Number of protein chains: 2
Amino acid sequence: MAKGTYNRRERPAKPALTREGIVATALDVMRAEGVERVTMRRLAQELDTGPASLYVYVRDTEELHAAVLDELLGHIPLTDTGGDWRTRLWTVLMSYQEVLYTNPSLARVALVTKLTGPNYLAVLDTVLALLTEGGMAPGQAAWAVDILLLMFTASAVEHGTQQQKGDGDKNHEALIQALDTVSPDRYPFIAELGPDLVSGPPEARARWTFDTLLNGAMTTPRPAVG
Amino acid sequence: MAKGTYNRRERPAKPALTREGIVATALDVMRAEGVERVTMRRLAQELDTGPASLYVYVRDTEELHAAVLDELLGHIPLTDTGGDWRTRLWTVLMSYQEVLYTNPSLARVALVTKLTGPNYLAVLDTVLALLTEGGMAPGQAAWAVDILLLMFTASAVEHGTQQQKGDGDKNHEALIQALDTVSPDRYPFIAELGPDLVSGPPEARARWTFDTLLNGAMTTPRPAVG
DNA sequence: ACCTGAACACCGTTCAAGT
DNA sequence: ACCTGAACACCGTTCAAGT
(Lines give C-alpha, C1' and ligand atoms only; values in the text may rest on other atoms or scores of the structure.)
Protein backbone atom coordinates (compact mmCIF):
# COMPACT_ATOMS: atom_id res chain seq x y z
CA MET A 1 0.00 0.00 0.00
CA ALA A 2 3.06 2.29 -0.17
CA LYS A 3 2.43 5.22 -2.42
CA GLY A 4 4.43 5.79 -5.56
CA THR A 5 5.73 2.98 -7.69
CA TYR A 6 2.63 0.77 -7.89
CA ASN A 7 2.05 -0.42 -11.42
CA ARG A 8 -1.60 0.22 -12.03
CA ARG A 9 -1.77 -2.28 -14.90
CA GLU A 10 -0.99 -5.12 -12.51
CA ARG A 11 -4.33 -6.50 -11.38
CA PRO A 12 -5.86 -3.57 -9.57
CA ALA A 13 -7.05 -4.81 -6.20
CA LYS A 14 -10.34 -2.91 -6.32
CA PRO A 15 -12.70 -2.53 -9.26
CA ALA A 16 -13.25 1.04 -10.34
CA LEU A 17 -16.07 2.93 -8.72
CA THR A 18 -18.48 2.57 -11.62
CA ARG A 19 -21.78 0.80 -12.05
CA GLU A 20 -20.01 -2.13 -13.68
CA GLY A 21 -17.41 -2.31 -10.94
CA ILE A 22 -20.07 -2.26 -8.29
CA VAL A 23 -22.11 -5.00 -9.92
CA ALA A 24 -18.99 -7.11 -10.46
CA THR A 25 -18.07 -6.72 -6.81
CA ALA A 26 -21.63 -7.60 -5.85
CA LEU A 27 -21.32 -10.84 -7.81
CA ASP A 28 -18.05 -11.68 -6.06
CA VAL A 29 -19.48 -11.05 -2.64
CA MET A 30 -22.61 -13.02 -3.49
CA ARG A 31 -20.67 -16.06 -4.59
CA ALA A 32 -18.41 -15.88 -1.57
CA GLU A 33 -20.87 -14.96 1.16
CA GLY A 34 -24.41 -15.19 -0.20
CA VAL A 35 -26.83 -12.52 -1.38
CA GLU A 36 -27.74 -11.44 2.12
CA ARG A 37 -24.24 -10.02 2.38
CA VAL A 38 -24.67 -8.00 -0.80
CA THR A 39 -25.48 -4.82 1.07
CA MET A 40 -24.53 -1.25 0.39
CA ARG A 41 -22.29 -1.19 3.42
CA ARG A 42 -20.55 -4.48 2.65
CA LEU A 43 -19.91 -3.42 -0.93
CA ALA A 44 -18.68 -0.01 0.08
CA GLN A 45 -16.24 -1.70 2.42
CA GLU A 46 -15.03 -3.95 -0.39
CA LEU A 47 -14.58 -0.91 -2.61
CA ASP A 48 -12.79 1.08 0.06
CA THR A 49 -15.34 3.83 0.33
CA GLY A 50 -18.44 4.84 2.25
CA PRO A 51 -21.89 3.50 1.47
CA ALA A 52 -23.09 6.91 0.32
CA SER A 53 -20.75 6.76 -2.68
CA LEU A 54 -22.63 3.88 -4.27
CA TYR A 55 -25.81 5.89 -4.58
CA VAL A 56 -24.28 7.81 -7.45
CA TYR A 57 -24.46 4.65 -9.58
CA VAL A 58 -27.27 2.62 -8.10
CA ARG A 59 -30.73 3.79 -7.10
CA ASP A 60 -31.13 1.46 -4.13
CA THR A 61 -30.44 -2.04 -2.87
CA GLU A 62 -33.29 -3.57 -4.82
CA GLU A 63 -31.99 -2.23 -8.11
CA LEU A 64 -28.56 -3.59 -7.25
CA HIS A 65 -29.97 -7.05 -6.58
CA ALA A 66 -31.89 -6.94 -9.85
CA ALA A 67 -28.67 -6.11 -11.68
CA VAL A 68 -26.93 -9.06 -10.07
CA LEU A 69 -29.76 -11.37 -11.06
CA ASP A 70 -29.69 -10.17 -14.66
CA GLU A 71 -25.98 -10.87 -14.77
CA LEU A 72 -26.63 -14.43 -13.62
CA LEU A 73 -29.36 -14.90 -16.22
CA GLY A 74 -26.81 -14.02 -18.87
CA HIS A 75 -25.27 -17.46 -18.51
CA ILE A 76 -28.25 -19.61 -19.31
CA PRO A 77 -28.20 -21.23 -22.76
CA LEU A 78 -31.08 -20.08 -24.93
CA THR A 79 -30.32 -21.49 -28.34
CA ASP A 80 -29.33 -24.83 -29.83
CA THR A 81 -30.34 -26.79 -26.78
CA GLY A 82 -31.86 -29.57 -28.88
CA GLY A 83 -35.23 -31.24 -29.21
CA ASP A 84 -38.61 -29.96 -30.32
CA TRP A 85 -40.07 -26.66 -29.13
CA ARG A 86 -41.64 -28.22 -26.07
CA THR A 87 -38.40 -29.82 -24.98
CA ARG A 88 -36.48 -26.63 -25.59
CA LEU A 89 -39.02 -24.61 -23.62
CA TRP A 90 -38.68 -27.05 -20.74
CA THR A 91 -34.90 -26.72 -20.94
CA VAL A 92 -35.00 -22.93 -20.84
CA LEU A 93 -37.38 -22.88 -17.89
CA MET A 94 -35.31 -25.42 -15.99
CA SER A 95 -32.16 -23.38 -16.57
CA TYR A 96 -33.98 -20.27 -15.45
CA GLN A 97 -35.26 -22.00 -12.38
CA GLU A 98 -31.87 -23.43 -11.55
CA VAL A 99 -30.39 -19.96 -11.34
CA LEU A 100 -33.11 -18.90 -8.93
CA TYR A 101 -33.08 -22.21 -7.12
CA THR A 102 -29.53 -21.84 -5.98
CA ASN A 103 -30.25 -18.35 -4.80
CA PRO A 104 -33.74 -17.98 -3.40
CA SER A 105 -33.11 -14.43 -2.25
CA LEU A 106 -32.69 -13.43 -5.85
CA ALA A 107 -35.83 -15.33 -6.76
CA ARG A 108 -37.66 -13.07 -4.35
CA VAL A 109 -36.23 -10.11 -6.24
CA ALA A 110 -37.55 -11.55 -9.49
CA LEU A 111 -41.01 -11.66 -8.00
CA VAL A 112 -41.06 -8.26 -6.36
CA THR A 113 -39.40 -6.04 -8.94
CA LYS A 114 -40.27 -5.94 -12.60
CA LEU A 115 -37.10 -7.09 -14.28
CA THR A 116 -36.02 -5.12 -17.32
CA GLY A 117 -32.42 -6.22 -17.74
CA PRO A 118 -31.18 -7.37 -21.17
CA ASN A 119 -30.71 -10.97 -20.13
CA TYR A 120 -34.13 -11.29 -18.59
CA LEU A 121 -35.63 -9.83 -21.74
CA ALA A 122 -33.72 -12.43 -23.73
CA VAL A 123 -35.30 -15.21 -21.69
CA LEU A 124 -38.71 -13.64 -22.20
CA ASP A 125 -38.20 -13.33 -25.93
CA THR A 126 -37.02 -16.92 -26.20
CA VAL A 127 -40.05 -18.27 -24.36
CA LEU A 128 -42.33 -16.24 -26.62
CA ALA A 129 -40.50 -17.57 -29.66
CA LEU A 130 -40.91 -21.16 -28.53
CA LEU A 131 -44.60 -20.78 -27.70
CA THR A 132 -45.11 -19.26 -31.14
CA GLU A 133 -43.22 -22.14 -32.71
CA GLY A 134 -45.59 -24.43 -30.83
CA GLY A 135 -48.50 -22.82 -32.61
CA MET A 136 -49.75 -20.50 -29.93
CA ALA A 137 -51.34 -17.26 -31.05
CA PRO A 138 -49.38 -14.11 -30.11
CA GLY A 139 -51.93 -12.76 -27.62
CA GLN A 140 -52.26 -16.13 -26.00
CA ALA A 141 -48.50 -16.47 -25.75
CA ALA A 142 -48.27 -13.05 -24.11
CA TRP A 143 -50.40 -14.25 -21.24
CA ALA A 144 -48.90 -17.72 -21.14
CA VAL A 145 -45.32 -16.52 -20.75
CA ASP A 146 -46.41 -14.57 -17.73
CA ILE A 147 -47.81 -17.52 -15.82
CA LEU A 148 -44.99 -19.83 -16.88
CA LEU A 149 -42.26 -17.55 -15.56
CA LEU A 150 -44.29 -16.59 -12.51
CA MET A 151 -44.91 -20.20 -11.58
CA PHE A 152 -41.31 -21.27 -11.90
CA THR A 153 -40.07 -18.20 -10.11
CA ALA A 154 -42.47 -18.81 -7.25
CA SER A 155 -41.52 -22.43 -7.09
CA ALA A 156 -37.87 -21.43 -6.80
CA VAL A 157 -38.67 -19.07 -3.97
CA GLU A 158 -40.59 -21.79 -2.19
CA HIS A 159 -38.27 -24.71 -2.65
CA GLY A 160 -34.98 -22.95 -3.19
CA THR A 161 -32.11 -24.40 -1.26
CA GLN A 162 -31.90 -22.29 1.83
CA GLN A 163 -28.13 -22.58 1.97
CA GLN A 164 -28.31 -20.89 5.35
CA LYS A 165 -28.30 -23.61 8.05
CA GLY A 166 -30.89 -26.40 8.00
CA ASP A 167 -33.73 -23.96 8.31
CA GLY A 168 -35.59 -25.10 5.25
CA ASP A 169 -35.52 -28.69 6.42
CA LYS A 170 -36.90 -27.91 9.85
CA ASN A 171 -39.70 -25.98 8.23
CA HIS A 172 -40.46 -28.81 5.87
CA GLU A 173 -40.48 -31.40 8.64
CA ALA A 174 -42.85 -29.20 10.62
CA LEU A 175 -45.21 -29.18 7.65
CA ILE A 176 -45.09 -32.94 7.21
CA GLN A 177 -45.65 -33.32 10.93
CA ALA A 178 -48.62 -30.96 10.77
CA LEU A 179 -50.15 -32.70 7.75
CA ASP A 180 -49.73 -36.08 9.34
CA THR A 181 -51.31 -35.29 12.69
CA VAL A 182 -54.12 -33.12 11.46
CA SER A 183 -57.60 -33.61 12.93
CA PRO A 184 -59.68 -35.75 10.53
CA ASP A 185 -62.80 -33.98 11.75
CA ARG A 186 -61.72 -30.47 10.96
CA TYR A 187 -59.63 -31.25 7.91
CA PRO A 188 -60.99 -34.45 6.38
CA PHE A 189 -59.35 -34.05 2.98
CA ILE A 190 -55.94 -33.19 4.32
CA ALA A 191 -56.15 -36.09 6.75
CA GLU A 192 -57.14 -38.43 3.93
CA LEU A 193 -54.25 -37.42 1.72
CA GLY A 194 -51.73 -36.90 4.50
CA PRO A 195 -48.11 -36.72 3.43
CA ASP A 196 -49.17 -37.45 -0.14
CA LEU A 197 -49.84 -33.74 -0.40
CA VAL A 198 -46.21 -32.97 -0.25
CA SER A 199 -44.70 -36.08 -1.77
CA GLY A 200 -43.44 -36.96 -5.19
CA PRO A 201 -40.04 -36.37 -6.76
CA PRO A 202 -39.55 -32.60 -7.32
CA GLU A 203 -38.58 -33.12 -10.94
CA ALA A 204 -41.75 -35.07 -11.63
CA ARG A 205 -43.87 -32.39 -9.99
CA ALA A 206 -42.08 -29.67 -11.96
CA ARG A 207 -42.68 -31.57 -15.18
CA TRP A 208 -46.35 -32.07 -14.38
CA THR A 209 -46.66 -28.38 -13.56
CA PHE A 210 -45.06 -27.50 -16.88
CA ASP A 211 -47.34 -29.80 -18.86
CA THR A 212 -50.37 -28.62 -16.93
CA LEU A 213 -49.68 -24.97 -17.61
CA LEU A 214 -48.91 -25.61 -21.24
CA ASN A 215 -51.92 -27.85 -21.86
CA GLY A 216 -54.15 -25.39 -20.07
CA ALA A 217 -52.79 -22.39 -21.94
CA MET A 218 -53.18 -24.19 -25.26
CA THR A 219 -56.81 -25.07 -24.70
CA THR A 220 -58.12 -22.10 -22.72
CA PRO A 221 -58.97 -19.16 -24.97
CA ARG A 222 -58.48 -15.70 -23.60
CA PRO A 223 -61.61 -13.69 -23.03
CA ALA A 224 -62.24 -11.08 -25.70
CA VAL A 225 -60.01 -8.15 -24.77
CA GLY A 226 -61.39 -4.65 -25.24
CA MET B 1 -49.64 5.70 35.50
CA ALA B 2 -49.72 6.35 39.25
CA LYS B 3 -49.34 3.17 41.22
CA GLY B 4 -52.08 1.89 43.46
CA THR B 5 -55.73 2.46 42.71
CA TYR B 6 -55.81 1.51 39.02
CA ASN B 7 -58.73 -0.81 38.31
CA ARG B 8 -57.27 -3.60 36.28
CA ARG B 9 -60.64 -4.65 34.89
CA GLU B 10 -60.97 -1.37 33.06
CA ARG B 11 -59.58 -1.93 29.57
CA PRO B 12 -55.97 -2.80 30.31
CA ALA B 13 -53.81 -0.61 28.12
CA LYS B 14 -51.41 -3.39 27.18
CA PRO B 15 -52.25 -6.96 26.20
CA ALA B 16 -50.74 -9.57 28.46
CA LEU B 17 -47.32 -10.86 27.60
CA THR B 18 -48.49 -14.11 26.07
CA ARG B 19 -48.37 -15.51 22.57
CA GLU B 20 -51.94 -14.37 21.96
CA GLY B 21 -51.25 -10.90 23.30
CA ILE B 22 -48.19 -10.57 21.11
CA VAL B 23 -50.01 -11.70 17.97
CA ALA B 24 -52.94 -9.38 18.75
CA THR B 25 -50.56 -6.47 19.17
CA ALA B 26 -48.85 -7.44 15.95
CA LEU B 27 -52.18 -7.24 14.14
CA ASP B 28 -52.86 -3.79 15.60
CA VAL B 29 -49.48 -2.48 14.60
CA MET B 30 -49.84 -4.00 11.15
CA ARG B 31 -53.17 -2.36 10.50
CA ALA B 32 -51.93 0.97 11.81
CA GLU B 33 -48.43 1.10 10.37
CA GLY B 34 -47.97 -1.78 7.91
CA VAL B 35 -46.22 -5.12 8.25
CA GLU B 36 -42.77 -3.67 7.91
CA ARG B 37 -43.30 -2.12 11.34
CA VAL B 38 -44.19 -5.45 12.86
CA THR B 39 -40.74 -5.99 14.30
CA MET B 40 -39.60 -7.47 17.56
CA ARG B 41 -38.43 -4.10 18.75
CA ARG B 42 -41.57 -2.23 17.78
CA LEU B 43 -43.78 -4.83 19.44
CA ALA B 44 -41.68 -4.89 22.57
CA GLN B 45 -42.05 -1.14 22.77
CA GLU B 46 -45.81 -1.46 22.42
CA LEU B 47 -45.85 -4.06 25.16
CA ASP B 48 -43.61 -2.05 27.46
CA THR B 49 -40.78 -4.51 27.57
CA GLY B 50 -37.51 -5.34 25.85
CA PRO B 51 -37.32 -7.27 22.59
CA ALA B 52 -35.67 -10.22 24.30
CA SER B 53 -38.87 -10.94 26.22
CA LEU B 54 -40.78 -11.87 23.09
CA TYR B 55 -38.49 -14.76 22.32
CA VAL B 56 -40.11 -16.73 25.11
CA TYR B 57 -43.29 -16.96 23.05
CA VAL B 58 -42.19 -16.64 19.46
CA ARG B 59 -39.33 -18.40 17.73
CA ASP B 60 -38.37 -15.55 15.44
CA THR B 61 -39.76 -12.75 13.29
CA GLU B 62 -40.75 -15.08 10.50
CA GLU B 63 -42.88 -17.22 12.77
CA LEU B 64 -44.53 -14.10 14.10
CA HIS B 65 -45.42 -12.93 10.62
CA ALA B 66 -46.80 -16.35 9.76
CA ALA B 67 -49.03 -16.18 12.85
CA VAL B 68 -50.33 -12.78 11.76
CA LEU B 69 -51.09 -14.09 8.30
CA ASP B 70 -52.96 -17.08 9.66
CA GLU B 71 -55.05 -14.76 11.78
CA LEU B 72 -55.98 -12.79 8.68
CA LEU B 73 -56.87 -15.96 6.78
CA GLY B 74 -59.36 -16.76 9.53
CA HIS B 75 -61.70 -14.15 8.14
CA ILE B 76 -62.19 -15.48 4.65
CA PRO B 77 -65.53 -17.18 4.01
CA LEU B 78 -65.13 -20.83 3.10
CA THR B 79 -68.67 -22.20 3.10
CA ASP B 80 -72.03 -21.26 1.63
CA THR B 81 -70.54 -18.83 -0.85
CA GLY B 82 -72.92 -19.98 -3.59
CA GLY B 83 -72.64 -21.38 -7.09
CA ASP B 84 -71.23 -24.64 -8.39
CA TRP B 85 -67.88 -26.04 -7.26
CA ARG B 86 -65.93 -24.09 -9.84
CA THR B 87 -67.50 -20.82 -8.86
CA ARG B 88 -66.95 -21.52 -5.20
CA LEU B 89 -63.34 -22.46 -5.82
CA TRP B 90 -62.84 -19.20 -7.67
CA THR B 91 -64.44 -17.32 -4.77
CA VAL B 92 -62.17 -18.94 -2.20
CA LEU B 93 -59.05 -18.24 -4.21
CA MET B 94 -60.08 -14.64 -4.80
CA SER B 95 -60.70 -14.12 -1.09
CA TYR B 96 -57.36 -15.72 -0.32
CA GLN B 97 -55.63 -13.54 -2.83
CA GLU B 98 -57.33 -10.40 -1.59
CA VAL B 99 -55.88 -10.92 1.87
CA LEU B 100 -52.42 -11.23 0.38
CA TYR B 101 -53.02 -8.52 -2.16
CA THR B 102 -53.58 -5.85 0.44
CA ASN B 103 -50.45 -6.95 2.24
CA PRO B 104 -47.76 -8.11 -0.15
CA SER B 105 -45.21 -8.46 2.62
CA LEU B 106 -47.34 -11.19 4.11
CA ALA B 107 -47.68 -12.77 0.69
CA ARG B 108 -43.91 -13.09 0.70
CA VAL B 109 -44.18 -14.88 4.01
CA ALA B 110 -46.69 -17.30 2.52
CA LEU B 111 -44.20 -18.15 -0.17
CA VAL B 112 -41.11 -18.51 1.95
CA THR B 113 -42.37 -20.36 5.00
CA LYS B 114 -44.49 -23.46 4.96
CA LEU B 115 -47.70 -22.34 6.61
CA THR B 116 -49.18 -24.73 9.13
CA GLY B 117 -51.69 -22.50 10.93
CA PRO B 118 -55.26 -23.72 11.46
CA ASN B 119 -56.78 -21.17 9.12
CA TYR B 120 -54.40 -21.89 6.30
CA LEU B 121 -55.11 -25.59 6.70
CA ALA B 122 -58.81 -24.78 6.47
CA VAL B 123 -58.26 -23.05 3.14
CA LEU B 124 -56.24 -26.01 1.92
CA ASP B 125 -58.90 -28.46 2.99
CA THR B 126 -61.63 -26.45 1.33
CA VAL B 127 -59.79 -26.29 -1.97
CA LEU B 128 -59.22 -30.05 -1.84
CA ALA B 129 -62.91 -30.57 -1.10
CA LEU B 130 -63.98 -28.46 -4.07
CA LEU B 131 -61.57 -30.14 -6.47
CA THR B 132 -62.88 -33.49 -5.31
CA GLU B 133 -66.43 -32.29 -5.80
CA GLY B 134 -65.38 -31.31 -9.30
CA GLY B 135 -64.45 -34.90 -9.97
CA MET B 136 -60.71 -34.73 -9.58
CA ALA B 137 -58.97 -37.83 -8.25
CA PRO B 138 -57.38 -37.41 -4.80
CA GLY B 139 -53.77 -37.71 -5.95
CA GLN B 140 -54.39 -35.29 -8.79
CA ALA B 141 -56.05 -32.83 -6.43
CA ALA B 142 -53.08 -33.02 -4.08
CA TRP B 143 -50.83 -31.70 -6.80
CA ALA B 144 -53.37 -29.26 -8.19
CA VAL B 145 -53.99 -27.48 -4.90
CA ASP B 146 -50.29 -26.82 -4.69
CA ILE B 147 -50.02 -25.00 -8.00
CA LEU B 148 -53.29 -23.14 -7.51
CA LEU B 149 -52.27 -21.66 -4.18
CA LEU B 150 -48.71 -21.09 -5.32
CA MET B 151 -49.83 -19.22 -8.42
CA PHE B 152 -52.23 -16.94 -6.63
CA THR B 153 -49.79 -16.31 -3.82
CA ALA B 154 -47.10 -15.40 -6.31
CA SER B 155 -49.45 -13.18 -8.21
CA ALA B 156 -50.27 -11.34 -5.00
CA VAL B 157 -46.61 -10.82 -4.28
CA GLU B 158 -46.05 -9.49 -7.77
CA HIS B 159 -49.04 -7.23 -8.14
CA GLY B 160 -49.86 -6.51 -4.52
CA THR B 161 -50.54 -2.88 -3.79
CA GLN B 162 -47.26 -1.53 -2.56
CA GLN B 163 -48.93 0.83 -0.13
CA GLN B 164 -45.52 2.33 0.50
CA LYS B 165 -45.10 5.38 -1.76
CA GLY B 166 -45.66 5.11 -5.50
CA ASP B 167 -42.83 2.68 -5.87
CA GLY B 168 -44.85 -0.03 -7.58
CA ASP B 169 -46.10 2.40 -10.18
CA LYS B 170 -42.66 3.67 -11.04
CA ASN B 171 -41.49 0.13 -11.45
CA HIS B 172 -44.42 -0.73 -13.67
CA GLU B 173 -43.94 2.33 -15.85
CA ALA B 174 -40.29 1.44 -16.23
CA LEU B 175 -41.32 -2.00 -17.48
CA ILE B 176 -43.81 -0.62 -19.98
CA GLN B 177 -41.18 1.85 -21.13
CA ALA B 178 -38.67 -0.97 -21.53
CA LEU B 179 -41.08 -3.22 -23.41
CA ASP B 180 -42.06 -0.41 -25.71
CA THR B 181 -38.60 0.73 -26.70
CA VAL B 182 -36.99 -2.68 -26.97
CA SER B 183 -34.73 -3.41 -29.94
CA PRO B 184 -36.72 -5.33 -32.59
CA ASP B 185 -33.50 -7.01 -33.70
CA ARG B 186 -32.52 -8.46 -30.35
CA TYR B 187 -36.03 -9.09 -29.05
CA PRO B 188 -38.32 -9.56 -32.05
CA PHE B 189 -41.19 -11.19 -30.17
CA ILE B 190 -41.24 -8.69 -27.35
CA ALA B 191 -41.10 -5.84 -29.86
CA GLU B 192 -43.96 -7.38 -31.82
CA LEU B 193 -46.19 -7.73 -28.78
CA GLY B 194 -45.06 -4.57 -27.04
CA PRO B 195 -47.26 -3.35 -24.22
CA ASP B 196 -49.74 -6.15 -25.00
CA LEU B 197 -47.51 -8.31 -22.86
CA VAL B 198 -48.56 -6.47 -19.79
CA SER B 199 -52.04 -5.34 -20.72
CA GLY B 200 -55.49 -6.68 -19.99
CA PRO B 201 -57.74 -6.13 -17.02
CA PRO B 202 -56.20 -7.84 -13.96
CA GLU B 203 -59.45 -9.63 -13.16
CA ALA B 204 -59.66 -11.08 -16.64
CA ARG B 205 -56.08 -12.27 -16.43
CA ALA B 206 -56.69 -13.82 -13.03
CA ARG B 207 -59.76 -15.60 -14.37
CA TRP B 208 -57.87 -16.88 -17.39
CA THR B 209 -55.09 -18.09 -15.13
CA PHE B 210 -57.61 -19.90 -12.95
CA ASP B 211 -59.29 -21.59 -15.89
CA THR B 212 -55.95 -22.45 -17.44
CA LEU B 213 -54.66 -24.12 -14.28
CA LEU B 214 -57.90 -25.96 -13.73
CA ASN B 215 -58.29 -27.13 -17.32
CA GLY B 216 -54.65 -28.18 -17.38
CA ALA B 217 -54.87 -30.02 -14.10
CA MET B 218 -58.03 -31.81 -15.19
CA THR B 219 -56.53 -33.07 -18.41
CA THR B 220 -52.92 -33.70 -17.51
CA PRO B 221 -52.44 -37.01 -15.72
CA ARG B 222 -49.75 -37.27 -13.12
CA PRO B 223 -46.83 -39.52 -14.00
CA ALA B 224 -46.96 -42.86 -12.25
CA VAL B 225 -45.60 -42.23 -8.78
CA GLY B 226 -43.38 -44.88 -7.27
C1' DA C 1 -20.24 16.28 -11.05
C1' DC C 2 -18.49 13.19 -8.06
C1' DC C 3 -17.43 11.62 -3.64
C1' DT C 4 -17.70 11.09 1.35
C1' DG C 5 -17.93 11.22 6.77
C1' DA C 6 -21.11 11.25 9.74
C1' DA C 7 -25.46 10.93 11.26
C1' DC C 8 -30.40 9.37 11.53
C1' DA C 9 -33.27 5.84 12.27
C1' DC C 10 -33.67 1.71 12.56
C1' DC C 11 -33.07 -4.00 12.56
C1' DG C 12 -32.71 -9.49 14.82
C1' DT C 13 -30.92 -12.15 18.21
C1' DT C 14 -28.19 -13.72 22.23
C1' DC C 15 -26.70 -13.89 26.85
C1' DA C 16 -25.67 -13.12 31.51
C1' DA C 17 -28.04 -11.74 35.25
C1' DG C 18 -31.97 -11.14 37.85
C1' DT C 19 -36.77 -12.60 39.97
C1' DA D 1 -39.56 -20.72 34.34
C1' DC D 2 -39.98 -16.29 33.02
C1' DC D 3 -38.22 -11.90 32.09
C1' DT D 4 -34.92 -8.31 30.87
C1' DG D 5 -30.96 -4.68 30.09
C1' DA D 6 -27.46 -4.42 27.51
C1' DA D 7 -24.68 -5.68 24.04
C1' DC D 8 -23.22 -7.58 19.44
C1' DA D 9 -23.47 -7.19 14.87
C1' DC D 10 -25.40 -5.37 11.64
C1' DC D 11 -28.92 -2.60 8.08
C1' DG D 12 -30.60 1.58 4.15
C1' DT D 13 -30.51 6.12 3.13
C1' DT D 14 -29.77 11.16 3.42
C1' DC D 15 -27.27 15.31 3.73
C1' DA D 16 -24.03 18.85 4.35
C1' DA D 17 -19.59 19.50 3.18
C1' DG D 18 -15.72 18.83 0.55
C1' DT D 19 -12.94 18.30 -4.12
Side-chain angles (χ1 to χ4, degrees), chain A residues 3 12-23 25-26 29-30 32-68 104-106 108-109 112-113 162-168 170-171, chain B residues 3 12-23 25-26 29-30 32-68 104-106 108-109 112-113 162-168 170-171:
Chain A
K3 61 185 170 181
K14 325 279 173 194
L17 198 49
T18 62
R19 190 170 215 277
E20 291 75 41
I22 292 169
V23 172
T25 307
V29 171
M30 194 208 68
E33 307 172 29
V35 218
E36 37 289 309
R37 308 296 296 173
V38 179
T39 67
M40 293 301 197
R41 294 180 106 101
R42 180 71 188 79
L43 256 38
Q45 178 192 314
E46 200 70 22
L47 293 160
D48 261 334
T49 181
S53 307
L54 308 181
Y55 285 82
V56 178
Y57 306 99
V58 155
R59 184 201 298 276
D60 55 24
T61 307
E62 192 170 296
E63 201 212 78
L64 177 64
H65 284 356
V68 168
S105 308
L106 288 182
R108 250 162 278 165
V109 172
V112 172
T113 88
Q162 234 78 15
Q163 71 267 66
Q164 314 300 99
K165 44 189 168 178
D167 180 75
K170 255 184 207 163
N171 227 314
Chain B
K3 60 185 168 179
K14 325 280 173 196
L17 198 49
T18 61
R19 189 170 215 276
E20 291 75 41
I22 293 169
V23 172
T25 307
V29 171
M30 194 207 69
E33 307 172 29
V35 217
E36 35 291 308
R37 307 297 294 173
V38 179
T39 66
M40 293 300 197
R41 294 180 105 102
R42 180 72 188 78
L43 256 37
Q45 178 192 314
E46 201 68 23
L47 293 161
D48 262 335
T49 182
S53 307
L54 307 181
Y55 285 83
V56 178
Y57 306 99
V58 155
R59 185 201 297 275
D60 55 25
T61 306
E62 193 169 296
E63 202 214 76
L64 177 64
H65 283 131
V68 169
S105 308
L106 288 182
R108 250 161 278 163
V109 172
V112 171
T113 88
Q162 235 81 15
Q163 72 268 65
Q164 314 300 98
K165 42 191 169 178
D167 179 76
K170 254 184 206 162
N171 226 315

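Here the structure is a predicted model, which is why all the values come from computation and not from measurement. Convention: sequence-line order gives letters A, B, ...; per-chain numbering from 1.
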To the nearest 0.5 angstrom, please state how far the [atom1] atom of [X] sits from the [atom2] atom of [Y].
X: B:M30; Y: B:H65; atom1: CE; atom2: NE2; result: 9.5 Å
X: A:L54; Y: A:L43; atom1: CG; atom2: CG; result: 6.0 Å
X: A:Q45; Y: A:L47; atom1: CD; atom2: CG; result: 10.0 Å

Contacts of type side chain to side chain donor-acceptor pair (under 3.5 Å), residue [X], not counting sequence neighbours:
X: A:S53; answer: A:T49
X: A:R42; answer: A:E33, A:E46
X: A:E63; answer: A:R19

Review point. Listed by chain and number, what are the side chain to side chain contact (heavy atoms under 4.5 Å, CB included) partners of B:A66, not counting sequence neighbours?
Key: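 Side chain to side chain contact (heavy atoms under 4.5 Å, CB included) list for B:A66, sorted by chain: B:V109, B:T113, B:L115.
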
Point to revise | Nearest-Å distance for atom pair CD/C1', residues A:Q45 and D:dA9 | key: 13 Å

Exercise for review: Search all heavy atoms of A:P15 against all heavy atoms of A:T25 and return the closest pair with its distance.
Suggested key: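 That would be CG-OG1, 3.3 Å.
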
Exercise for review: Using Watson-Crick or G-U wobble pairs with both distances under 3.5 Å, give me DNA chain C in dot-bracket, 5' to 3', with [ ] for crossers and | for pairs to another strand.
Suggested key: ||.|||||...|||||.||

Exercise for review: Sticking with atom P, work out how far C:dA9 lies from D:dC8, rounded to a whole angstrom.
Suggested key: 23 Å

Revision key, fill the gap. Per-nucleotide protein contact along nucleotides 10-19 of chain C, 5' to 3', at a 4.0 Å heavy-atom cut-off (B base, S sugar-phosphate only, - neither), is SBBBBB----

